[in-house]
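Keep in mind it's a predicted model, so treat the numbers as computed, not measured. Each chain gets a letter, A, B and so on, in the order the sequences are listed, and its residues count up from 1.
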Amino acid sequence: MKEIKVILPDGSERRYRAGTTVKDVAFDIGSRLGKAAIAGKVDGKLVDVDYPLENDVQLSIITVDSEEGLEIYRHSAAHIMAQAVKRIYGKDVKLAIGPSIEDGFYYDFDLAERITTEDLSKIEAEMARIIEEDLKFKGYQLSREEALGKLKDVDEIYKVELVEDLSDEIVSFYQQGEFEDLCRGPHLPSTGYLKAFKLMNVAGAYWRGSENNPMLQRIYGTAFPKQKELEVYLHRLEEAKKRDHRKIGKELDLFSVSEYAPGFPFYHPKGMVIKNELIDFWRQEHRKASYQEVGTPLIMNEELWKRSGHYDNYKENMYFTEIDDQGFAVKPMNCPGAILVYKSRMHSYREFPIRMAELGLVHRHELSGALHGMMRVRAFTQDDAHIFMLPEQIKDEIINVIKLIDRIYSVFGFQYRVELSTKPENAMGSDEIWDKATDALRNALEVLDLDFKVNEGDGAFYGPKIDFHLKDCLGREWQCGTIQLDFLMPERFDLNYIGADGEEHRPVMIHRALYGSLERFIGMLIEHYAGAFPVWLAPIQVEVIPVVEKHLEYAFAVEKQLTDAGIRAEVDSRSEKVGYKIRSSQVNQIPYMLIVGDKEMEKGTVSVRERREGDLGDIIISDFKERIEREIVERNNNL
RNA sequence: GCCGACGUGGCUCAAUUGGCAGAGCAGCUGACUUGUAAUCAGCAGGUUAUCGGUUCGACUCCGAUCGUCGGCUCCA
């Protein structure tokens with residue numbers, strides 16, 4: 001009998017006879033681990049618990065407590081759901097794919113009947129029965145040919161397509177009860193292992209994510225090892241929805257959208273304060289970073305857009321109009337405008353890098369179904385900049401921009417995720433030029449030692465980009481900052497500069513945005529702060545609350561002292577009780593309330609109430625003014 | 001754009017099987033003169049998203065359009 005050596009993650013070694021399963025080893029280590037084991041990882045490859053060990057291996061036991069374990073758990077839940085759907089809707093349900101995702105899982109189905117939200121409880125009930133039946137997940141393997149034959153027999157056209165795209169000669173299937181599915185695995189030992197799950201919603205999804213393919217019906221669900229964890233998750237979702245910027249935006253009267261302008265947001269006075277504060281901060285930082293600001297037209301001749309390549313590559317997203325019988329387009333991007341500013345005169349290499357910033361209002365025709373509050377709109381202000389430079393300045397400039405983004409995001413306390421997007425299908429320019437640009441971006445990220453994910457084929461049509469992603473209240477990611485390197489526009493527009501040799505040369509360009517779009521960034525901020533903006537951003541910074549009418553005059557005097565100092569203060573002059581007015585300010589997330597009555601009038605003080613800390617006692621007005629001014633200047637995040 | 005759900009005063013929600021559209025909050029008026037999260041009373045506010053159909057009768061049923069929400073796709 002052959003003996004094998006099993007090395008565990010802690011480095012310890014154990015000896016077993018060949019054929020011992022992962023589960024046996026787990027039980028040998030401890031009976032609790034044995035029971036908790038749902039899969040194994042053998043030499044880095046995930047396997048089922050009944051996988052027999054035939055050689056010396058590195059083994060780790062997977063339980064639901066690990067990330068990998070949870071993925072297996074949720075993926076198995078997807079299979080159970082698919083089984084339930086087949087039981088309910090019959091054999092003509094065709095299966096597509098059913099992966100685990102962050103926070104849950106989904107499965108895509110093709111069936112004639114429409115699954116609606118009401119059907120979900122029916123499917124859940126069937127899933128509960130399948131769990132009750134405690135069916136074993138049994139894996140088996142077929143040759144590619146056998147697999148194709150089998151799948152064609154049962155008319156699983158999507159699975160056939162998947163196998164056809166596989167390069168492996170052996171493919172694996174899993175069976176639980178009457179249900180079989182092509183799957184790489186591994187899975188839970190049996191359906192009874194699934195404890196807490198819930199189906200969340202149904203949605204349409206194109207097969208393989210392409211709108212040219214048929215639309216399938218996708219059911220989203222989530223699953224947790226314990227009922228309590230599921231409840232905590234659902235509760236967290238409910239809480240997160242309270243932070244939704246669309247809800248808070250309405251409650252705090254920051255912005256609105258109208259049926260008369262779908263996707264084109266209206267800023268209310270309070271929303272405008274936030275936008276302007278962001279812009280002030282932005283200008284301040286850009287002056288420090290040696291940027292100049294320009295402004296370019298919203299509407300420019302179609303010929304310009306043909307030259308830039310937008311007409312060929314971006315037309316579906318653009319709005320067109322006619323002026324004096326000539327075609328014009330509303331700008332979807334600011335670059336051609338900036339380029340025209342550049343081209344308006346000669347440039348010397350001595351000027352470089354030229355950092356030309358623009359708060360440009362761009363319009364893009366987004367699909368109606370894609371619109372989302374302030375996060376995805378059809379008109380937005382980009383905090384854009386175009387940097388014209390020498391090729392040898394690329395790396396330093398990219399590093400400068402990344403540092404600037406990091407500095408700005410840190411003021412808000414944002415965590416971000418970085419992606420490097422490479423050449424898309426509809427790109428202009430040669431592979432060679434793209435490789436050069438992509439390497440420059442990658443190099444900058446590596447120099448700064450930033451983690452990033454490569455997003456193949458997601459670059460702009462004129463160049464690769466580094467994107468900065470932020471998460472909204474429900475964990476959905478939105479692209480905000482972006483840095484795009486471009487060798488092509490300078491070519492197309494025949495940009496040049498006079499070098500030290502007196503000859504004309506071609507400059508290189510960076511397109512970049514830090515906030516990305518003011519609208520999206522404001523949406524992110526609302527959710528990030530749940531409406532309780534730091535003082536520097538708060539639309540109203542101070543509410544002066546007179547106790548009774550006779551204190552009104554003093555209240556207005558206090559207000560004036562503050563507004564004269566540039567502080568956004570107002571008096572709640574309604575003839576209501578103090579408690580009522582305080583509540584009103586609290587609900588509106590106003591950072592400071594100043595209560596003024598007889599005591600304060602006599603002493604020339606104000607009683608300070610901070611929205612979170614409550615009553616701070618009374619201090620003289622000038623001291624309060626100093627305190628809040630400092631907080632504003634420092635842009636304290638006070639989360 | 002595609003799939004599904006939804007659309008009732010400014011906001012949050014009611015309205016038996018199709019049978020007189022109602023409440024709270026906000027607003028306005030008046031009274032109260034109030035000390036750290038909601039004083040009381042009164043008033044006003046609606047072609048039930050829009051258009052069409054079925055019906056003696058439609059917020060309710062059917063169809064179309066618009067918009068919103070959750071996804072897909074796309075993207076800042």
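Neither OP1 nor OP2 of B/rG71 sits under 4.0 Å from any side-chain N or O of A/Arg218. Taking only side-chain nitrogens and oxygens, A/Gln479 comes nearer than 4.0 Å to OP1 or OP2 of B/rA76.
Residue A/Ser607 is classed as a base contact, given a heavy-atom separation below 4.0 Å to a base.
A/Met200 places its CE atom 18 Å from the P atom of B/rA5, with the value rounded to the nearest Å. Distance, A/Phe521 CZ to B/rC75 P: 22 Å, rounded to whole Å. Summarising the geometry, the separation between CD on A/Glu316 and P on B/rC2 is reported as 17 Å, rounded to the nearest angstrom. One can place OH of A/Tyr580 at 19 Å from P of B/rU34, the figure rounded to the nearest angstrom.
Comparing B/rA26 with B/rC11, their P atoms sit 15 Å apart, to the nearest whole Å.
Summarising the base pairing, B/rA5 is matched to B/rU68 through a Watson-Crick or G-U wobble pair whose two defining distances lie under 3.5 Å.
Proximity of A/Lys423 to A/Pro464: side-chain heavy atoms (C-beta onward) are nowhere separated by under 4.5 Å.
Judged by the 6.0 Å distance and 45° axis criteria, A/Arg218 is positioned over the aromatic ring of A/Tyr106.
Judged by ring centres under 5.5 Å apart and planes tilted less than 30 degrees, A/Phe380 stacks against the six-membered base ring of B/rA76.
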